[in-house]
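A short write-up of the structure that comes next.
Along the sequence shown, residues carry numbers from 1.
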Amino acid sequence: EGWDRKSKYDERMDESAVVIAGNTTMCHLLRGYSCQTLGVAPFQPVSIKQEDFVQKGIAVTILPGASAFVGGDIISGIYGIREHMDADEPWMLLDFGTNGEMVLWTGEEYFATAAAAGPAFEGGNISCGCASIPGAISSVMIAGRNSHTRTIGGLPAIGICGSGILEAVSGMKKGGIVDENGTFAADIPEDGFALNTPGSQEKISLTQEDIRQFQMAKAAIRAGVDILVKKAGITFDEVDNCYLA
């Protein structure tokens, strides 16, 4: 409701305008709404409608959400895909995070859901995990039992963030460091697989428990994807593109 309506404040926008897209909790905090009902069933938001107002002479639009866990951030993703991509055929948008939002466009209608993936994609519950800050390992290439890492800002490594974890686990699987069940090969020490981190004062490793945390996050996203496809009555082969956020 209201996704495509023209703002009634257009005539006052001049050259200054702000459009805000955020998840439902963030938008509640921004608006000063209570978040109390977002944390307990039935997870009822105060408001998820589009809001248009003028603040200090600047026209502001807060994009609408769809539910307590499918917010304006995923709606902005839909806008972006529809505006800039060849998006007439079926596609899927996956937003990786603690709350994994996802939407499927079948070519005729939208299906959306969210999965409680946990914080592994953001470096949480990972033994050497950290946020995407300077010094975080953001890229990993595995060759045999060796690794090459890159960090944000090119600084000595202080930990590993979500994108680094994704690349590391993928490379470890391809290289046989972990098997199809996520179990380490026999030659990997009990304290985990150490990443090569030149200049770092810290030993940064991925442990067996880290792999399990990653698997649970991945499984949550996959479960949501499976449900969307099933509810829409289509097959994976019919989805032309998958966009990641």
Side-chain angles (χ1 to χ4, degrees), residues 1-85 87 91-105 109-125 129-133 161-163 217 220-221 223-225 227-228 231-232 242-245:
E1 179 184 356
W3 289 4
D4 299 316
R5 74 183 182 207
K6 191 172 180 63
S7 170
K8 61 184 177 180
Y9 297 98
D10 279 356
E11 68 275 9
R12 301 177 64 178
M13 290 176 72
D14 297 324
E15 296 180 355
S16 298
V18 175
V19 178
I20 298 172
N23 66 43
T24 303
T25 300
M26 294 298 104
C27 287
H28 272 49
L29 293 173
L30 176 67
R31 299 164 182 170
Y33 297 160
S34 171
C35 295
Q36 184 174 1
T37 57
L38 296 178
V40 294
F43 311 108
Q44 185 66 40
V46 175
S47 174
I48 53 174
K49 294 182 178 180
Q50 178 171 318
E51 295 193 15
D52 303 282
F53 54 92
V54 174
Q55 181 75 20
K56 296 184 178 180
I58 299 174
V60 179
T61 294
I62 300 177
L63 290 184
S67 72
F69 297 110
V70 179
D73 46 357
I74 204 79
I75 300 303
S76 71
I78 295 173
Y79 271 127
I81 293 170
R82 299 293 295 182
E83 180 73 17
H84 300 291
M85 307 296 183
W91 51 262
M92 185 172 287
L93 169 62
L94 306 179
D95 185 358
F96 286 88
T98 301
N99 178 48
E101 298 170 301
M102 56 198 77
V103 60
L104 171 65
W105 166 251
E109 57 184 328
Y110 293 103
F111 292 82
T113 190
F121 292 132
E122 298 169 348
N125 288 349
C130 65
S132 299
I133 58 177
C161 66
S163 60
I221 298 295
V225 168
I227 289 171
L228 284 184
K231 288 289 187 181
C242 183
Y243 302 99
L244 304 181

Next item on the list: Would you name the heavy atoms of R31 and L63 that are closest together and state the gap between them?
Entry: NH2-O, 4.1 Å
Next item on the list: Check side-chain contact (heavy atoms from CB on, under 4.5 Å) between Q36 and all other residues, then give those that pass, not counting sequence neighbours.
Entry: S34
Check: How close do I221 and L94 get, heavy atom to heavy atom, and via which atoms?
Finding: CG2-CD1, 4.4 Å
Notebook entry, point to check: Could you give the distance from CZ (F69) to CG (N99), rounded to the nearest 0.5 Å?
Noted result: 6.5 Å
Next item on the list: Quick one: list whatever passes side-chain contact (heavy atoms from CB on, under 4.5 Å) with L29, sequence neighbours left out.
Entry: T25, M26, C35
Note to self: Within the structure provided, determine whether R82 and W91 are in side-chain contact (heavy-atom separation under 4.5 Å).
What the structure shows: yes
Note to self: To the nearest 0.5 Å, what is the distance between OG on S67 and CD on E101?
What the structure shows: 7.5 Å
Distance-only donor-acceptor pairs under 3.5 Å for side chains of residues 114-124, two or more places apart:
residue : atom : partner : partner atom : Å
E122    : OE1  : T98     : OG1          : 2.9
E122    : OE2  : T98     : N            : 3.4

Item checked: Closest approach of I78 to L93 (non-hydrogen atoms, all atoms of both residues) -> N-CD2, 4.1 Å
Check: How far apart are the closest heavy atoms of L38 and P45, and which atoms are they?
Finding: CD2-CA, 3.6 Å
Checklist line | Heavy-atom closest contact (T24 atom, G71 atom, distance) | finding: OG1-CA, 3.7 Å
Margin query: Please report the interatomic distance CD1(I48) to NE2(H28), rounded to the nearest 0.5 Å.
Written below: 8.5 Å
Next item on the list: Evaluate the ring planes of W105 and Y110, with Trp represented by its six-membered ring, and classify them as parallel (under 30°), tilted (30 to 60°) or perpendicular (over 60°).
Entry: tilted
Next item on the list: Mind checking the CG-CD1 spacing from L104 to I227? Nearest 0.5 Å is all I need.
Entry: 12.5 Å
Next item on the list: Would you confirm whether S132, through its side chain, and C161, through its main-chain N or O, come within 3.5 Å as a donor-acceptor pair?
Entry: no
Item checked: Shortest non-hydrogen separation from F53 to I62 and the atoms involved -> CE2-CD1, 3.9 Å
Notebook entry, point to check: Picking from I20, V19, V54, what satisfies side-chain contact (heavy atoms from CB on, under 4.5 Å) with V60?
Noted result: I20
Next item on the list: Report the C-alpha separation of D95 and D73 in whole Å, then their side-chain angles, then the decisive distance to 0.1 Å, and conclude whether the side-chain contact (heavy atoms from CB on, under 4.5 Å) test is met.
Entry: CA-CA 9 Å; D95 185 358; D73 46 357; 4.0 Å; yes
